[in-house]
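A short write-up of the structure that comes next.
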Amino acid sequence: MSTPLPIIANISRIVSSVVDRITGDRSDYPLLVAAAAVHALRNFGIKSQLMYGQAAWIEVLEDHSVVWAGCWGKNLHFWAATEHGEVVDLNTSVAHRKRAHDRPELKALYSPPMLWSAEVPRFYRYVPEGVAEIELSEERDRKWFDLVLREIDEKCQPALVPAATSGAESEPDPGFPNEAILCPGRKLLDDSRDSFRHFDRALSVRGIPQPPL
């Protein structure tokens, strides 16, 4: 079993666009993105958990060298885990927007696709440490969270995704975001800039360095 593609399309598109719009850049808010995905999945009757732990992924730099980026050591990352064993991380595709705190001079051009799959390729690493709970102490964070969930409840609903219950997964993809995404069955959808093609080309030339996790 895996999450149907029409549901993945709906949730990935709505969550990424809503959090980008409300926060200005979702790459800085993986907890909000993961929590939003969990909430959206619940609307479709799919169980999931908000996970925290260490995570790493390959990024391609301006000189086309490849490095591991992410959160490990004292730093934590957040993602969703579905009842189908899928890792859901809707932030990896925009992770290159962030500069590393310890190496701010490095500028990445490409990072991996959004991930929604039980099969996790070697250019990602996830080490879960537990199930996260959201405790929002800042007024701004509470406001953002409420706004995000309200819009998800409005736009992430089975009635808006009729193909999700029709078994018509062979039909055209129903509105995926214009970002590369890796779906169940190693189905890869690239964006209009061919980001994954450039990413994959750099990996094929440089290889994957020793991971930090």
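All values derive from a computational prediction rather than experimental measurement.
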* What's the verdict on side chain to side chain contact (heavy atoms under 4.5 Å, CB included) for T23 and D28, showing C-alpha distance, side-chain angles and the deciding distance? -> CA-CA 9 Å; T23 66; D28 285 320; over 6 Å; no
So [Y] and [X], do their side chains get closer than 4.5 Å, heavy atoms only?
X: C183; Y: L5; answer: yes
X: V15; Y: V148; answer: no
X: K187; Y: S117; answer: no
X: S12; Y: P177; answer: yes
X: L182; Y: E119; answer: no
X: D89; Y: Y126; answer: yes
X: R140; Y: K143; answer: no

Look at the side-chain heavy atoms of Ile, Leu, Val, Met, Phe, Trp and Tyr, link any pair under 4.5 Å apart, and say whether [X] and [Y] land in one connected group.
X: V19; Y: M114; value: yes
X: L50; Y: V18; value: yes
X: L31; Y: V94; value: no
X: V87; Y: V131; value: yes
X: V33; Y: L136; value: yes

Looking only at heavy atoms, what is the nearest atom pair of [X] and [Y], with distance?
X: P212; Y: A56; value: CG-CB, 4.0 Å
X: V66; Y: G207; value: CG2-O, 3.3 Å
X: Q54; Y: N75; value: CG-O, 4.5 Å
X: M51; Y: P128; value: CE-CB, 3.9 Å
X: I8; Y: F176; value: CG2-CE2, 3.9 Å
X: L76; Y: E129; value: CD2-OE1, 3.9 Å

Please answer whether the main-chain N or O of [Y] pairs with a side-chain N or O of [X] as donor and acceptor at a distance below 3.5 Å.
X: N178; Y: D191; result: no
X: E86; Y: S2; result: no
X: N10; Y: V161; result: no
X: S111; Y: T92; result: yes
X: R142; Y: S137; result: yes
X: S65; Y: L61; result: no
X: W116; Y: I181; result: no
X: N43; Y: C156; result: yes
X: S48; Y: A80; result: no

Distance from [X] atom [atom1] to [Y] atom [atom2], nearest 0.5 Å?
X: I7; Y: F44; atom1: CD1; atom2: CZ; answer: 5.5 Å
X: H64; Y: L203; atom1: NE2; atom2: CG; answer: 13.0 Å
X: R125; Y: W68; atom1: CZ; atom2: CH2; answer: 4.5 Å
X: L90; Y: W79; atom1: CG; atom2: CH2; answer: 13.5 Å
X: L32; Y: L147; atom1: CG; atom2: CG; answer: 10.0 Å
X: L41; Y: T82; atom1: CG; atom2: OG1; answer: 7.0 Å

Would you call [X] and [Y] a salt bridge, using N to O less than 4.0 angstrom?
X: E179; Y: R26; result: yes
X: E151; Y: R21; result: yes
X: D194; Y: R201; result: no
X: D25; Y: R97; result: yes

* Asked: Does E133 have any side chain to side chain donor-acceptor pair (under 3.5 Å) partners at least two apart in sequence or in another chain, and if so, which?
  -> none
* Over 60° means perpendicular and under 30° means parallel, so classify the ring planes of F78 and Y52, tilted if in between. => tilted
* **Whether F123 and F199 hold their rings parallel, tilted or perpendicular, with breakpoints at 30° and 60°** => perpendicular
* To do: For T3 and I11, run side chain to side chain contact (heavy atoms under 4.5 Å, CB included): C-alpha distance rounded to whole Å, both residues' side-chain angles, the deciding distance at 0.1 Å, then the answer.
  => CA-CA 11 Å; T3 304; I11 293 177; 5.8 Å; no
* So, do Y110 and H96 have ring centers that fall under 6.0 Å from each other? -> no
* Asked: Between W57 and H77, is the ring centre distance below 6.0 Å?
  -> yes
* List the steps, then state whether side chain to side chain contact (heavy atoms under 4.5 Å, CB included) holds for H84 with I46. => CA-CA 9 Å; H84 308 307; I46 298 174; 4.3 Å; yes
* Yes or no on side chain to side chain contact (heavy atoms under 4.5 Å, CB included) for R197 and D190, after CA distance, side-chain angles and deciding distance? -> CA-CA 8 Å; R197 183 169 64 85; D190 210 345; 3.9 Å; yes
